[in-house]
Amino acid sequence: MSVEKMTKVEESFQKAMGLKKMVDRWRNSHTHCLWQMALGQRRNPYATLRMQDTMVQELALAKKQLLMVRQAALHQLFEKEHQQYQQELNQMGKAFYVERF
């Protein structure tokens, strides 16, 4: 074989090796990607369970906070009504009975 043909054969061999390496890298990355997806699917139910647990806790706290807000509003309403009744009784010359110690 001539030198030129040898050079061309070597160049095409180098190109083929480069393409083979590129295909191998693609296969490895593809396999790694599939593995990551499978791993993510296995982890996902656990993340969902943790998220549901967090949501349940947050709902319980929100319910408790709403109850406290309602109780405070009801307390303010009773206090306002008590003052109003006291004023009405004062206008009539009467008062609530308050036991003193």
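Remember, predicted model here, so these are calculated numbers, not experimental data. For the single chain, residues carry numbers from 1 onward in sequence order.
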When rounded to the nearest 0.5 angstrom, what is the spacing between [atom1] in [X] and [atom2] in [Y]?
| X | Y | atom1 | atom2 | result |
| --- | --- | --- | --- | --- |
| Lys80 | Gln76 | NZ | CD | 10.0 Å |
| Leu89 | Gln86 | CG | CD | 8.0 Å |
| Met51 | Thr54 | CE | OG1 | 8.0 Å |
| Asn90 | Tyr85 | CG | OH | 15.0 Å |

Can you find a heavy atom in the side chain of Phe78 that is under 4.5 Å from one in the side chain of Leu74?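 With C-beta onward as the side chain, the pair touches.
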
Going by heavy atoms in the side chains, are Gln65 and Leu61 under 4.5 Å from each other? no

Can you establish whether the number of heavy atoms outside Met92 located under 6.0 Å from its atom CE is more than 12?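 Buried by this count: over 12 neighbours within 6.0 Å.
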
Using distance only, find each side-chain donor-acceptor pair of residues 9-22 under 3.5 Å and give its atom names and separation, not counting sequence neighbours.
{"unit_1": "Ser12", "atom_1": "OG", "unit_2": "Lys8", "atom_2": "O", "d": "3.4"}
{"unit_1": "Ser12", "atom_1": "OG", "unit_2": "Val9", "atom_2": "O", "d": "3.0"}
{"unit_1": "Lys20", "atom_1": "NZ", "unit_2": "Asp24", "atom_2": "OD2", "d": "3.2"}

Side chain to side chain contact (heavy atoms under 4.5 Å, CB included) between Gln36 and His32: does it pass, once the steps are laid out? CA-CA 6 Å; Gln36 286 289 339; His32 185 72; 3.6 Å; yes

